[in-house]
Amino acid sequence: MNTVSNPSGLRNFTVFIAALFGLALLIGGGWLITLGGSAYYLIAGVVLLVFAGLLGRRSPASLWLYGLLMLATVGWGLWEAGTDFWALVPRLDILGVLGLWLLIPAITRGFGPALKAGKGFLAFTLAFAICVLVYSMFNDPQEINGSFAAAQPQQAQPIEGVNPADWPAYGRTQAGERYSPLSQINEKNVKDLKVAWTYRSGEFMTSNDSGETTNELTPIKIGDNMFICTTHQVLVALDPATGKEKWRFDPKLKADPSFQHLTCRGVSYYDQANTAEFAASLANVAPAQTSCPRKVYLPVNDGRLFAINADNGQRCSEFADNGELDLKQMHPYTYPGGLEPTSPPVITGTTIVIGGSVTDNLSVHEPSGALRGYDVNTGELKWVFDTGAENPNAIPGPGQTLVNNSPNAWAPLAYDPKMDVVYVPTGNPTPDIWGGNRTPNMERYASAVLALNATTGKLVWSFQTTHHDLWDMDVPAQPTLADVKTASGETAPAVYVPTKAGNLFVLDRRDGKPIVPVTEMPVPAGEAAPGDRVSPTQPRSALNLTSIQTLADKDMWGATMFDQMVCRVIFKRLSYRGQYTPPSEQGTLVFPGNLGVFEWGGISVNSDRQVALMNPMALPFVSKLIPRGPNNPLWPKEGLTGTGTGTELGIQPQYGVPFGVEINAFLSPFGLPCKEPAWGYVAGVDMKSHDVVWRKRIGTIRDSLKGIQLPPLKIGVPMLGGPISTAGNLMFIAGTQDNYIRAYNVTNGDLVWEERLPYGGQATPMTYEMNGKQYIVIMAGGHGSFGTKMGDALIAYALPDK
């Protein structure tokens with residue numbers, strides 16, 4: 001018989017569900033208590049079981065008891081999470097739905113004269129819970145709602161050698177500011193932006209590509225040319241006004257699924273006639289005679305660098321071997337994909353400075369992380385800086401090689417032409433998650449920023465951001481150079497160094513001394529894995545963008561109270577005593593996680609207004625060491641295979657050390673993050689006081705489940721890609737897991753424009769002016785390992801013609 005027309009059947013069904021829920025909470029809550037977690041779930045389980053018994057006996061007391069449970073849960077939720085909507089939802093959703101179900105008349109038919117009062121009380125508690133949720137939607141404790149007092153100056157400070165209409169380098173300048181003085185598009189008219197043109201590269205991810213196939217491109221624009229590189233590193237010149245292709249150069253990359261990356265973040269440009277930016281390095285140096293006075297340098301993931309004539313797309317014949325330089329020279333291990341230059345090099349008036357990515361966590365037999373300087377016209381090697389060598393500047397002689405597995409520099413570098421200094425962000429020696437085999441030389445320049453003379457490669461200074469890094473907490477982004485006005489009124493030349501650990505170090509770029517205070521903080525005491533050690537302290541900047549310093553039981557999350565409870569159990573079973581808890585066989589919670597608070601997108605700095613803009617994240621990971629054994633040999637059966645792992649997640653072999661490692665995001669059994677949102681923010685920092693003036697969640701759940709389009713509710717999602725800013729009081733950013741590009745008001749962080757993208761936008765935008773019109777450009781091509789929709793669209797936006 002239909003239970004809807006049978007009150008007894010409907011009530012019995014409700015009793016069964018309540019008892020089932022109560023039993024689940026009783027068992028899970030009891031387990032959680034034994035681990036030292038919250039007692040709420042056990043208590044709620046007991047209450048639900050008692051409620052089920054009273055409901056089965058048609059007692060009006062059941063409604064009073066359920067109402068009390070609702071009130072207690074709301075109070076508990078507010079005590080643990082405050083008025084945080086997304087934190088309250090899993091605490092209230094199941095109980096709220098069941099409470100509304102109890103108001104169906106058929107369920108409580110025959111309960112006697114006290115029914116009306118019981119229903120009234122239950123209805124009141126449900127209404128109160130709804131009011132709390134509605135209030136919390138507009139009073140988010142995670143957001144900071146301040147405003148910058150300083151207005152945009154009428155006149156922007158000119159940058160020598162850079163046309164205001166252009167975007168000639170990855171970060172607009174090689175200082176990495178990501179700031180444009182253009183203001184045609186501003187906070188008042190940005191809502192009118194329309195697609196001006198779309199370029200389709202025709203390249204899509206293939207079955208022979210790495211899982212880390214990405215579209216992280218930021219184009220460059222000089223004069224009437226735009227230069228881009230595709231996923232498979234084809235170099236293309238476009239007309240900036242129309243997006244029409246002018247020419248293309250194909251390096252014939254032979255990609256392989258074993259490559260850990262298939263990425264081209266951008267290309268670099270050199271114009272021999274434009275020597276102003278390079279005055280320091282060109283002093284008393286006569287320009288070389290060359291058939292390619294204007295060059296585009298294209299890094300290719302199989303370990304090559306090409307110099308291409310910017311005017312016609314032909315190889316520059318006098319550069320290296322007919323325009324092609326083999327970067328694998330002098331490396332101890334040269335398997336394809338072992339050394340991958342994924343970021344554009346720095347170009348001075350005389351020198352190309354380039355690093356490269358190596359395969360994380362494959363083995364102790366990997367290429368070197370050495371930096372190298374090459375002649376801009378001939379490709380001749382000028383210097384090396386090998387981060388693992390006793391003498392970093394020693395160039396290997398015949399029969400010698402660079403030091404294997406030394407710390408690499410995979411992110412973009414920054415350059416100060418007046419000082420002729422290049423600023424290098426480094427990683428840690430691979431394998432990353434066990435360091436018992438590392439020598440002092442291997443650790444000396446690991447997870448650090450180095451200042452090198454760009455012409456000679458000599459060290460000026462170094463600053464380490466993580467000691468004995470066992471968590472892959474490298475420096476993942478281009479440092480940003482800016483002049484900072486100090487409290488005393490003086491102006492100091494600074495370098496901003498964003499790190500995965502959440503620190504934003506602000507150092508004097510002349511000597512590396514902190515401008516914003518840095519403290520060596522004691523970190524959780526814990527036993528390292530056998531054969532390894534831990535550093536007792538780690539450096540912490542007074543400017544740190546980590547949203548929560550130490551996770552607790554109450555910070556766990558889920559879609560419902562049940563998976564939230566499961567996440568609390570998992571959290572309590574992991575090894576975790578705060579940031580820098582050593583890796584373990586038990587499984588260690590790593591927060592901030594491997595994705596980092598900052599990633600390769602970097603930050604945007606407007607020195608004219610003394611404003612820094614950024615997009616920090618907050619997503620934990622779990623690393624679990626796997627001891628060697630029959631199913632985890634020290635070496636592959638046939639020796640080192642000579643190929644990469646093709647991924648940065650899952651099981652990583654770490655051949656040659658006592659442990660492999662498994663690395664994954666900290667997720668519930670249902671695939672949702674176990675840490676409550678937000679997982680992604682945008683933020684504005686005052687460069688004078690270095691206070692966070694505003695911070696807002698960014699991104700929605702719209703594209704969170706593949707194949708299911710959810711409502712676009714703002715939650716704060718992870719992202720890959722960085723921000724740019726303009727004199728139009730705007731910050732532009734894409735990169736989020738939902739497919740949007742957005743613009744924010746720089747003054748207060750308000751969202752003023754967003755546009756749906758056809759594919760994932762895991763890239764940093766850029767802007768330029770052409771024929772009197774300002775454009776905003778984003779690469780919408782998706783990201784293989786990030787899980788966004790893959791595509792091939794480069795999209796330009798502009799205001800409609802009047």
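- With salt bridges taken as basic N to acidic carboxylate O contacts below 4.0 Å, none links Glu340 and Arg304.
- Ring geometry for Tyr744 against Trp694 counts as parallel: the plane angle stays under 30°, on a 0 to 90° scale with 60° as the upper cut.
- Between Asp738 and Arg756 no salt bridge is recorded (no basic side-chain N to carboxylate O distance below 4.0 Å).
- For residues 775-795, the set of pairs meeting the salt bridge (charged side-chain N to carboxylate O under 4.0 Å, His left out) definition, not counting sequence neighbours, comprises Arg200-Asp792.
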### Task
Show your reasoning for whether side chain to side chain donor-acceptor pair (under 3.5 Å) applies to Glu177 and Ser607.
CA-CA 9 Å; Glu177 293 123 315; Ser607 295; 5.3 Å; no
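- With Met226 as the fixed residue, the side chain to side chain contact (heavy atoms under 4.5 Å, CB included) test singles out one of Ile220, Val236, Val777: Val777.
- Taking the ring centroids of Trp557 and Trp679, they lie under the 6.0 Å cut-off.
- The backbone N or O of Thr206 lies less than 3.5 Å from a partner atom in the side chain of Asp209, making a donor-acceptor pair.
- Under the 30°/60° scheme for interplanar angles, the aromatic rings of Phe227 and Tyr269 are found to lie parallel.
- Distance check: Met687 CE to Asn606 CG gives 8.0 Å after rounding to the nearest 0.5 Å.
- Test Phe505, Tyr445, Tyr423 against Phe463 for ring-ring contact (aromatic ring centres under 6.0 Å, His included) and you get one pass: Phe505.
- Going from atom CG of Asp166 over to atom OG1 of Thr767 covers 11.0 Å, rounded to the nearest 0.5 Å.
- Separation of atoms CG (Asp250) and CZ (Phe306) is listed at 9.0 Å; rounding is to 0.5 Å.
- Formation of a donor-acceptor pair under 3.5 Å by the Gln549 side chain with backbone atoms of Thr546 is found in this model.
- Side-chain contact check for Thr173 and Arg178: no donor-acceptor pair (N or O, by modelled atom type) lies under 3.5 Å.
- No donor-acceptor pair closer than 3.5 Å links the side chain of Ser210 to the backbone N or O of Leu262.
- The pair Asp84-Arg697 meets the salt-bridge criterion, with a side-chain N (NZ, NE, NH1 or NH2) lying under 4.0 Å from an Asp/Glu carboxylate O.
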### Task
For salt bridge (charged side-chain N to carboxylate O under 4.0 Å, His left out), just list the numbers for Asp140 and Lys696, CA-CA rounded to whole Å, side-chain angles, deciding distance to a tenth of an Å, and then say yes or no.
CA-CA 9 Å; Asp140 187 347; Lys696 306 294 179 73; over 6 Å; no
### Message
Determine whether Asn544 and Asn503 satisfy the following criterion, side chain to side chain donor-acceptor pair (under 3.5 Å), listing intermediate values before the conclusion.
### Response
CA-CA 4 Å; Asn544 186 289; Asn503 289 304; 2.9 Å; yes
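- Ring centroid separation for the pair Tyr797 and Tyr775 does not come in under the 6.0 Å cut-off.
- We find that Arg265 and Glu216 are joined by a salt bridge, their nearest charged nitrogen and carboxylate oxygen being less than 4.0 Å apart.
- Asp256 and Asn208 form no side-chain donor-acceptor contact under 3.5 Å, judged by distance and modelled atom types alone.
- Scanning for side-chain contact (heavy atoms from CB on, under 4.5 Å) contacts around Glu203 gives Ser201, Thr230, Thr231, His232, Val234, with sequence neighbours left out.
- In this structure, Leu193 CG and Lys191 NZ are separated by 10.0 Å, a value rounded to the nearest 0.5 Å.
- Of the possible polar contacts, one joining the Trp86 side chain to the Lys714 backbone as a donor-acceptor pair under 3.5 Å is found.
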### Query
Passes side chain to side chain donor-acceptor pair (under 3.5 Å), Thr214 versus Thr263? Steps please.
CA-CA 5 Å; Thr214 72; Thr263 297; 2.8 Å; yes
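- Residues passing the salt bridge (Lys or Arg N to Asp or Glu O under 4.0 Å) test with Lys624, sequence neighbours excluded: none.
- Counting only N and O atoms by type, the side chains of Glu143 and Tyr681 include no donor and acceptor under 3.5 Å apart.
- Looking at Thr788 and Gln762, their side chains do bring a donor and an acceptor atom within 3.5 Å of each other.
- In this structure, Asp555 does not pair ionically with Lys675, as no charged nitrogen and carboxylate oxygen lie closer than 4.0 Å.
- Rounding to the nearest 0.5 Å gives a distance of 7.5 Å between OG of Ser357 and CH2 of Trp410.
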### Message
Run Phe666 and Phe621 through ring-ring contact (aromatic ring centres under 6.0 Å, His included) and show every step you take.
### Response
CA-CA 5 Å; Phe666 181 33; Phe621 275 62; 10.0 Å; no
### Task
I would like to know whether Arg702 and Gln737 meet side chain to side chain donor-acceptor pair (under 3.5 Å); could you show each step before the answer?
CA-CA 9 Å; Arg702 178 168 180 172; Gln737 280 187 323; over 6 Å; no
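- One finds the CD atom of Gln233 at 5.0 Å from the SG atom of Cys264 (value rounded to the nearest 0.5 Å).
- Ring centers of Tyr496 and His690: under 6.0 Å apart, within the cut-off.
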